[in-house]
Every structure is written in structure tokens, then in C-alpha cells.
Amino acid sequence: MDLDVVFLGTAGSMPTAQRAPTALLIRRGGDRILVDCGEGTQRQLLRSSVGLIELREVFISHYHADHYLGLPGMLKTFALRGRELPITIYGPVGLRGLFSALRRIFGRLTYPYELVELSPGDVLARGDYEVSAFAVRHGVDAVGYALVEAERP
């Protein structure tokens with residue numbers, strides 16, 4: 001399995017001079033999956049060897065601000081660059097409500113986006129692997145995500 005992880009931010013809710021808020025990019029074959037999008041994630045991507053790629057999927061674990069505040073700016077940057085490719089954003093229940101508020105920030109986009117609310121136990125098939133949502137204890141509705149090899153018949 002071709003898999004690597006790029007830690008874009010590991011500082012939690014308070015950035016430091018050396019560490020940005022939470023963001024993690026998983027590269028699995030040709031897939032690029034962003035998990036959480038703390039403030040400054042697009043800048044961290046630009047500073048990395050990855051660059052600001054046309055992400056197709058973003059997974060948000062929960063709605064503490066340090067896990068999603070970078071998303072409105074990144075979505076707007078994609079629009080300013082003329083993006084047309086759709087993007088899907090996954091998160092626990094409450095994602096649609098969050099986006100109702102965030103639309104005031106990012107405004108109209110040049111590309112379609114889909115919002116998918118996930119609950120623990122939900123599984124997304126990806127061919128030879130799956131993304132599984134699992135319960136975590138964090139004081140608010142939250143899910144973790146596991147990449148699991150798909151069972152072969």
C-alpha cells in the first residue's frame with residue numbers, strides 16, 4: 001500500500017512560531033485527503049513539497065475552531081484561482097449548520113461542493129480501501145477517521 005502522511009499542523013488551538021494549528025494530509029496512491037483544516041493550512045501546504053493542490057476531499061473531525069478555521073480561506077483561494085473541480089467536505093452532524101454560517105465568509109464559489117455528515121460506523125468505499133468514521137471522546141460531537149484496506153472477495 002502506497003501511503004504517507006504530511007503533518008501540516010500539530011499545535012492544537014494555539015499556534016507557535018514553529019507549529020501551525022491542526023491539519024493533516026494523507027496521500028494514498030493518487031488520493032489526497034485533508035483531515036482538519038486549521039488556520040493557515042493553505043500556507044502550510046504552499047510551504048510544503050505538496051503545494052496547494054486541488055483537493056477533492058476534506059474531513060473535519062469536530063467543530064472546535066482550531067480544526068476548521070482555515071477552510072473558508074482555502075475554499076475562497078480555490079475560487080480565486082478559477083477552480084471548477086468539485087470538492088466534498090465530510091464532518092460529524094452539524095456540518096450543514098456550520099456551512100450556513102461560513103458562507104458569509106467565503107461567499108460564492110466557482111465550483112460545486114458537497115457536504116456529507118458522518119456518524120460513527122459510517123464507511124466510505126474507496127476501491128481497495130475504505131474510510132471509516134469512529135467515535136471519539138472530546139466533549140463535543142466528534143469523529144475520527146481510519147483508512148482500512150477493503151476486504152477482498
Less than 4.5 Å apart, any side-chain heavy atom of Met74 and any of Leu45?
yes
Looking only at heavy atoms, the pair that brings Thr41 and Ala23 closest together is OG1-CB, 3.3 Å
Report yes if the side chains of Arg27 and Val6 come closer than 4.5 Å at any heavy-atom pair, otherwise no.
yes
Using 0.5 Å steps for rounding, measure from the CD1 atom of Ile33 to the CG atom of Leu55.
10.0 Å
Run the side chain to side chain donor-acceptor pair (under 3.5 Å) test against Arg56 and tell me which residues pass, sequence neighbours left out.
none
Look up atom CG in Leu118 and atom OG in Ser61, then write down how far apart they are to the nearest 0.5 Å.
12.0 Å
Which pairs, with at least one residue in residues 74-89 and sequence neighbours excluded, count as a salt bridge (charged side-chain N to carboxylate O under 4.0 Å, His left out)?
Glu54-Arg81, Glu54-Arg83
So among Ile87, Thr110, Leu109, which one has a side chain to side chain contact (heavy atoms under 4.5 Å, CB included) with Phe78?
Ile87
Here the pair of heavy atoms bringing Ala142 nearest to Pro92 is CA-CG, 4.3 Å
Atom CZ in Arg103, atom CG in Leu75: separation rounded to 0.5 Å?
11.0 Å
Evaluation steps, side-chain contact (heavy atoms from CB on, under 4.5 Å), between Arg126 and Val131
CA-CA 7 Å; Arg126 294 290 187 270; Val131 179; 4.2 Å; yes
With sequence neighbours left out, the residues meeting side chain to side chain donor-acceptor pair (under 3.5 Å) with Asp31 are Tyr129
In Å and rounded to the nearest 0.5 Å, what is the CD to CG distance from Glu149 to Leu3?
10.0 Å
Can you tell me if CD on Gln44 sees more than 12 non-hydrogen neighbours from other groups inside 6.0 Å?
yes
Applying side-chain contact (heavy atoms from CB on, under 4.5 Å) to Arg28 and Asp128, what does each step give before you reach the verdict?
CA-CA 10 Å; Arg28 168 92 174 53; Asp128 61 345; 3.3 Å; yes
Heavy-atom closest contact (Gly127 atom, Ala150 atom, distance):
O-CB, 3.5 Å
Let's go through Val5 and Leu24 carefully: what are the C-alpha distance in whole Å and the side-chain angles of both, what is the deciding distance for side-chain contact (heavy atoms from CB on, under 4.5 Å) to 0.1 Å, and is it a yes or a no?
CA-CA 7 Å; Val5 177; Leu24 176 78; 2.9 Å; yes
Give me the ring orientation class for His67 and His62: parallel if the planes are under 30° apart, tilted from 30 to 60°, perpendicular past 60°.
tilted
Examine Phe99 together with Phe106 and report whether their ring centres are nearer than 6.0 Å.
yes
Strictly distance-based, threshold 3.5 Å: is any side-chain N or O of Tyr145 a donor or acceptor partner for the main-chain N or O of Ile60?
yes
Can Thr22 and Asp36 be counted as having a side-chain donor-acceptor contact under 3.5 angstrom?
no
Measure from the side-chain N and O atoms of Glu117 to the backbone N and O of Arg96, and report whether any donor-acceptor pair falls under 3.5 Å.
yes
Residues two or more places apart in sequence or in another chain: which of them pass side chain to side chain contact (heavy atoms under 4.5 Å, CB included) with Ala11?
Arg19
According to ring pair (Phe, Tyr, Trp, His ring centres under 6.0 Å), does anything in residues 2-35 pair up with another residue at least two apart or in another chain? List the pairs.
none
Is it true that Gln42 and Thr77 share a donor-acceptor pair across their side chains at a distance under 3.5 Å?
yes
Shared hydrophobic cluster for Ile26 and Val148 (ILVMFWY, side-chain gaps under 4.5 Å)
no
Any side-chain heavy atom of Leu95 sitting closer than 4.5 Å to one from Tyr90?
no
Contacts of Pro120 meeting side chain to side chain contact (heavy atoms under 4.5 Å, CB included) (sequence neighbours excluded), chain-then-number -> Ala135, Val143
If you measure from CG on Leu8 to SG on Cys37, what distance do you get to the nearest 0.5 Å?
9.0 Å
Side chain to side chain contact (heavy atoms under 4.5 Å, CB included) partner of Ser132, chosen from Val123, Asp122, Leu124
Val123
Heavy atoms, side chains only, cut-off 4.5 Å: are His64 and His138 in contact?
yes
Drop me the distance from Glu114's CD to Ile89's CD1, to the nearest 0.5 angstrom.
10.0 Å
